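Let me begin by presenting the structure, written as structure tokens, before commenting on it.
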Amino acid sequence: QVQLVESGGGLVQAGGSLRLSCAASGRTFSSYSMGWFRQPPGQEREFVAAIDWTGSSTRYTDAVKGRFTISRDNAKNTEYLQMNSLKPEDTAVYYCAVSRFGQVQHDTRRYDYWGQGTQVTVSS
């Protein structure tokens with residue numbers, strides 16, 4: 001059974017940093033692309049960042065460019081999201097996801113597996 005487990009969320013002051021991790025189990029995802037999405041309070045889930053199966057190609061939503069970095073470790077079946085210079089508007093539940101398509105994907109419909117989410121709260 002495939003399982004994605006996020007960790008690293010929490011409460012942080014504006015300007016601070018957090019590092020989210022997503023550990024996958026149940027199968028090897030080295031040929032899959034991976035991504036992060038978030039759902040702010042009262043809003044729909046939105047794309048944050050994605051990385052291709054090689055780890056060499058990434059994509060970010062404009063709101064996080066220059067502040068967030070996505071990475072992966074295929075040997076550990078894990079992806080990461082380093083979040084720096086956090087802002088109150090980054091407050092959301094963050095979800096990791098895996099897509100059977102190897103290239104970066106920003107559409108939720110292209111993802112096959114999802115984590116349960118981890119809360120990130122940025123105070124002003």
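Nothing fancy with the numbering, it's 1 onward along the sequence. Keep in mind the model is a prediction, meaning the values are calculated, not measured.
For Ser56, the side chain to side chain donor-acceptor pair (under 3.5 Å) test picks out Thr54, with sequence neighbours left out. Residues passing the salt bridge (Lys or Arg N to Asp or Glu O under 4.0 Å) test with Asp90 are Arg38, Arg67, sequence neighbours excluded. By the salt bridge (Lys or Arg N to Asp or Glu O under 4.0 Å) test, Asp73 pairs with no residue at all, sequence neighbours left out. With sequence neighbours excluded, no residue forms a salt bridge (Lys or Arg N to Asp or Glu O under 4.0 Å) with Arg110. Contacts of Val104 classified as side-chain contact (heavy atoms from CB on, under 4.5 Å), with partners at least two apart in sequence or in another chain: Ala50, Asp52, Ser57, Arg59. Partners of Gln3 under the side chain to side chain donor-acceptor pair (under 3.5 Å) rule, at least two apart in sequence or in another chain, do not exist in this structure. Scanning for side chain to side chain donor-acceptor pair (under 3.5 Å) contacts around Ser17 gives Asn84, with sequence neighbours left out. Every residue was checked against the side chain to side chain donor-acceptor pair (under 3.5 Å) condition with Arg45, not counting sequence neighbours, and none meets it.
Side-chain contacts under 4.5 Å among hydrophobic residues (ILVMFWY), followed directly or transitively, place Phe101 with no other residue at all. Residue Tyr80 belongs to no hydrophobic cluster, having no ILVMFWY side-chain heavy atom closer than 4.5 Å to its own.
Remark: Gln39 CD to Glu46 CD distance equals 9.0 Å, nearest 0.5 Å.
Here disulfide bond (SG atoms under 2.5 Å apart) pairs that include residues 12-124, with residues two or more places apart or in two chains, are Cys22-Cys96. Annotation: disulfide bond (SG atoms under 2.5 Å apart) contacts involving residues 23-88, sequence neighbours excluded, are absent.
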With side-chain contact (heavy atoms from CB on, under 4.5 Å) as the test, would you mind laying out the steps for Gln119 and Thr91 before giving the verdict?
CA-CA 8 Å; Gln119 177 70 46; Thr91 294; 4.0 Å; yes

What do the steps show when you test Phe68 against Thr61 for side-chain contact (heavy atoms from CB on, under 4.5 Å), and what is the final call?
CA-CA 10 Å; Phe68 290 11; Thr61 188; over 6 Å; no

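The same ILVMFWY cluster, assembled from side-chain heavy atoms under 4.5 Å apart, contains both Val120 and Met34.
Under the 30°/60° scheme for interplanar angles, the aromatic rings of Tyr113 and Tyr32 are found to be tilted.
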